[in-house]
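Working notes for the structure below.
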Amino acid sequence: MSDAGTAVGEGGRDHIRDVIRDDVAAGRVGTVVTRFPPEPNGHLHIGHAKSICLNFGVAREFGGRCHLRFDDTNPVKEELEYIESIQRDVRWLGFDWGGHLHFASDNFEQLYDWAEHLIGAGKAYVDDLSADDIRAHRGTLTEPGRDSPYRDRTAEESLDLFRRMRAGEFADGARVLRARIDMASGNINMRDPVLYRILHAPHPRTGDDWCLYPTYDFAHGQSDAIEGVTHSLCTLEFADHRPLYDWLVENLPVPSRPRQYEFARLNLSYTVLSKRKLVQLVEDGHVGGWDDPRMPTLAGLRRRGIPPAAIRDFVRRIGLTRSDSMVEVGVLEHCARELLNKTALRRMAVLRPLKVVIENYPEGETENLQAVNNPEDASAGSREVPFSREIYIEREDFMEDPPRKFFRLAPGREVRLRYAYFLTCREAVRNDAGEVTGLRCTYDPASRGGKSPDGRKVKATLHWVSAAHAVAAEVRIYDQLFTRPDPGAGGDILGDLSPQSVDVLRECRLEPSLADAVPGEPVQFPSVHAHSPGGRRFRPWPALAAEPILAAGLAVLPDGGPG
RNA sequence: UGGGGCGUAGCCAAGCGGCAAGGCAACGGGUUUUGGUCCCGUGAUCGCAGGUUCGAAUCCUGCCGCCCCAGCCA
């Protein structure tokens with residue numbers, strides 16, 4: 001275990017680890033080899049984190065290895081940019097593939113040879129039917145399919161055609177290579193699935209070398225076999241493909257015999273994890289980009305200040321099963337809070353400033369007070385915070401006519417200024433419109449540090465910032481992107497977008513030490529009772545986890561859940 | 001009416017024939033220089049109905065419900 005939460009790779013007990021344990025115990029596999037196989041057509045999100053933690057975690061637990069393999073078989077959708085970002089995100093999450101960076105495209109030549117092998121064995125044929133005709137022949141869920149008129153053409157003819165497909169003689173969609181399996185199978189994936197299609201498109205890695213590309217089904221299992229993957233772990237929707245996966249691996253002279261096992265994909269409340277929908281959010285400008293703090297992408301979570309160890313802990317907690325489930329975001333938020341509470345530095349920041357003049361504090365004087373960096377961690381030390389006659393406190397920490405349950409400042413009431421002094425409100429200052437523009441207060445010089453010598457108590461502790469020393473900043477408060485736990489379930493995803501999921505506060509005042517904040521290092525603003533843009537009150541913590549581009553005057557507040 | 005999966009508390013999830021782990025959430029109470037943290041306390045007879053058994057969430061049968069599959073996407 002390194003930092004709080006789970007160490008990289010720590011796993012539990014589940015149906016997949018049970019199988020692997022048995023395989024190892026029975027001597028069926030020597031070195032356990034897994035792989036995380038993203039298609040480079042989008043950014044990784046929290047759902048992928050589940051698979052990444054599983055694959056890399058299992059490899060580590062069993063002393064094996066995990067490969068990072070890009071399933072780059074569809075050049076029309078894939079881009080180099082994603083190949084880079086995916087590697088960066090996997091590393092950020094805390095995993096390392098060593099020298100095992102692979103690409104399905106590394107195997108294109110071998111896969112092509114195996115396709116010819118299948119043709120030669122009478123187990124695959126070139127079909128001239130159009131995509132529409134193939135669909136029409138496929139049958140339905142309850143009716144068997146019909147043979148293509150080209151299904152029985154000779155191996156020689158298919159081979160000739162297949163070679164000419166590679167040579168570029170035909171247009172996209174003109175012909176495909178199909179496996180000859182069973183058009184009457186109840187499993188539609190076995191009704192002569194397409195193995196190769198013509199695509200005159202440049203590939204991010206192989207350029208113009210090919211004009212026909214293998215489908216996922218033809219590339220995945222064979223790539224596993226080439227790499228020596230022993231346990232090919234994927235989500236439930238591929239369970240239907242397992243018979244095909246097995247059929248191919250059994251009918252081809254592959255160097256090893258991988259096995260596929262499935263687990264349920266992650267569903268998180270109040271967000272969407274489908275690549276198509278995430279792309280839509282980005283492309284239609286509903287968010288600032290893939291790394292918008294409201295996005296469930298790893299890049300977005302990172303900007304929101306959620307540490308990778310919190311994500312690993314989250315994955316460990318939600319378990320691994322074969323049953324569909326919807327995990328509440330609260331679990332993720334809890335993991336982030338728990339870790340951040342132990343590690344984040346505390347700093348004072350006033351989001352909506354209200355000027356306070358301490359009338360009995362000497363004019364022009366400044367003193368430095370000691371403030372603890374993290375009450376949960378003494379080794380984090382302390383810092384000095386300047387204090388003076390004029391300070392800012394949170395506007396909402398004062399109420400002229402407070403209700404029963406309001407414990408903070410009000411006329412005549414005494415509270416504590418964190419790490420400073422006890423403060424008593426004498427009166428509110430108003431402008432012509434009658435709005436409170438400031439407070440006149442007095443302090444108790446004997447309460448320096450926040451302790452009352454006579455033992456009297458106060459019901460609240462306020463955060464504050466010295467007016468003359470404060471750093472001006474913009475703070476953004478983010479809330480959930482969607483208004484319902486199951487976005488889109490009522491029809492349109494866009495209709496469930498929260499009308500205002502971000503609030504930009506431009507008048508914030510931060511304590512001076514924040515000017516030196518390390519970008520990306522989470523910071524907590526104790527006692528900030530942030531409100532979501534929609535008015536919902538966040539828990540008083542955690543307040544900020546920064547992408548602190550504080551240099552640019554920006555800080556980010558992570559979701560806090562309803563308070 | 002085809003094939004493949006799944007059904008244990010609000011949400012996850014252990015359990016694999018012997019008297020239903022744990023986590024999150026929620027609700028009480030205590031501590032507290034964060035209305036945070038921390039601490040203590042509070043919840044299920046296991047989709048339904050039969051059957052087998054001394055005994056079943058765990059075995060059998062039949063229902064019911066939910067998810068996935070008809071891309072030349074992955």
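The chains referred to below are lettered A, B, ... by the order of the sequence lines, with proteins before strands, and numbering in each begins at 1.
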R135(A) side chain N/O closer than 4.0 Å to the phosphate oxygens (OP1, OP2) of rG71(B)?
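For rG71(B), OP1/OP2 do have a side-chain N/O of R135(A) under 4.0 Å.
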Whether T142(A) contacts rU1(B) is assessed here as follows: a side-chain N or O lying under 4.0 Å from the phosphate OP1 or OP2. Is that the case?
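No, because none of the side-chain N or O atoms of T142(A) sits under 4.0 Å from OP1 or OP2 of rU1(B).
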Determine the contact category for [X]: base if any of its heavy atoms lies under 4.0 Å from a base atom, sugar-phosphate if only primed atoms, P, OP1 or OP2 are that close, otherwise nothing.
X       : answer
P37(A)  : nothing
E39(A)  : sugar-phosphate
K451(A) : base
F263(A) : nothing
L177(A) : nothing
H241(A) : base
T140(A) : base
D240(A) : base
M190(A) : nothing

Which value, in whole Å, describes the distance between the [atom1] atoms of nucleotides [N] and [M]?
N       : M       : atom1 : answer
rU42(B) : rG23(B) : P     : 13 Å
rC46(B) : rC16(B) : C1'   : 14 Å
rA70(B) : rC24(B) : C1'   : 39 Å
rA9(B)  : rA44(B) : C1'   : 5 Å
rA49(B) : rC64(B) : C1'   : 10 Å
rG29(B) : rC68(B) : P     : 44 Å

Between F263(A) and R322(A), is there a cation-pi geometry (under 6.0 Å to ring centre, at most 45° from the normal)?
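No, cation not above the ring by the 6.0 Å, 45° rule.
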Cation-pi between R347(A) and F525(A): NZ/CZ under 6.0 Å from ring centre and within 45° of the ring axis?
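Because its charged atom misses either the 6.0 Å distance or the 45° angle limit, R347(A) does not stack over F525(A).
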When you get a sec, tell me which of [options] is the closest nucleotide to the side chain of [X]?
X       : options                   : result
R408(A) : rG35(B), rC68(B), rC12(B) : rG35(B)
L236(A) : rG5(B), rU34(B), rA25(B)  : rG5(B)
R138(A) : rC24(B), rG71(B), rU34(B) : rG71(B)
R322(A) : rC11(B), rG35(B), rC6(B)  : rC6(B)
I188(A) : rC72(B), rC11(B), rG2(B)  : rG2(B)
K405(A) : rU34(B), rG35(B), rA70(B) : rG35(B)
A239(A) : rG4(B), rU34(B), rC73(B)  : rG4(B)
I134(A) : rC67(B), rC72(B), rG35(B) : rC72(B)
V176(A) : rG2(B), rU37(B), rC72(B)  : rC72(B)
T321(A) : rA74(B), rG4(B), rA13(B)  : rA13(B)

Judged by modelled atom types alone, do S269(A) and E328(A) share a side-chain donor-acceptor pair under 3.5 Å?
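The answer is no; no qualifying pair exists.
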Consider only side-chain N and O atoms of S379(A) and D377(A), and report whether a donor and an acceptor are under 3.5 Å apart.
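Per modelled atom types, S379(A) and D377(A) side chains form a pair under 3.5 Å.
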Take the protein atom [atom1] of [X] and the nucleotide atom [atom2] of [N], then report the distance between them rounded to whole Å.
X       : N       : atom1 : atom2 : answer
Y261(A) : rG4(B)  : OH    : P     : 19 Å
L141(A) : rG71(B) : CG    : C1'   : 14 Å
L195(A) : rC73(B) : CG    : P     : 13 Å

Please compare F407(A) and D18(A) by the position of their nearest nucleotide in RNA chain B and report the one closer to 5'.
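On the 5' side of the pair lies D18(A).
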Reading RNA chain B from 5' onward, which residue's closest nucleotide shows up sooner: R197(A) or N187(A)?
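Going by which nucleotide is closer to the 5' end, it is N187(A).
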Please walk me through it: do Y125(A) and I119(A) pass side-chain contact (heavy atoms from CB on, under 4.5 Å)?
CA-CA 6 Å; Y125(A) 61 97; I119(A) 294 171; over 6 Å; no
Any sub-3.5 Å donor-acceptor pair from D192(A)'s side-chain atoms to I181(A)'s backbone N or O?
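Yes, because the side chain of D192(A) sits within donor-acceptor range (under 3.5 Å) of the backbone of I181(A).
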Classify the side chain of R337(A) and the base of rU37(B) as holding, or not holding, a donor-acceptor pair under 3.5 Å.
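Counting by modelled atom types and ignoring angles, no donor-acceptor contact under 3.5 Å is found here.
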Quiz question: going by heavy-atom distance under 3.5 Å, is there a donor-acceptor pair between the base of rA70(B) and the side chain of H137(A)?
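Absent.
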Between W114(A) and F218(A), does the ring centroid distance fall short of 6.0 Å?
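Not close enough - the centres of the two rings lie 6.0 Å or further apart.
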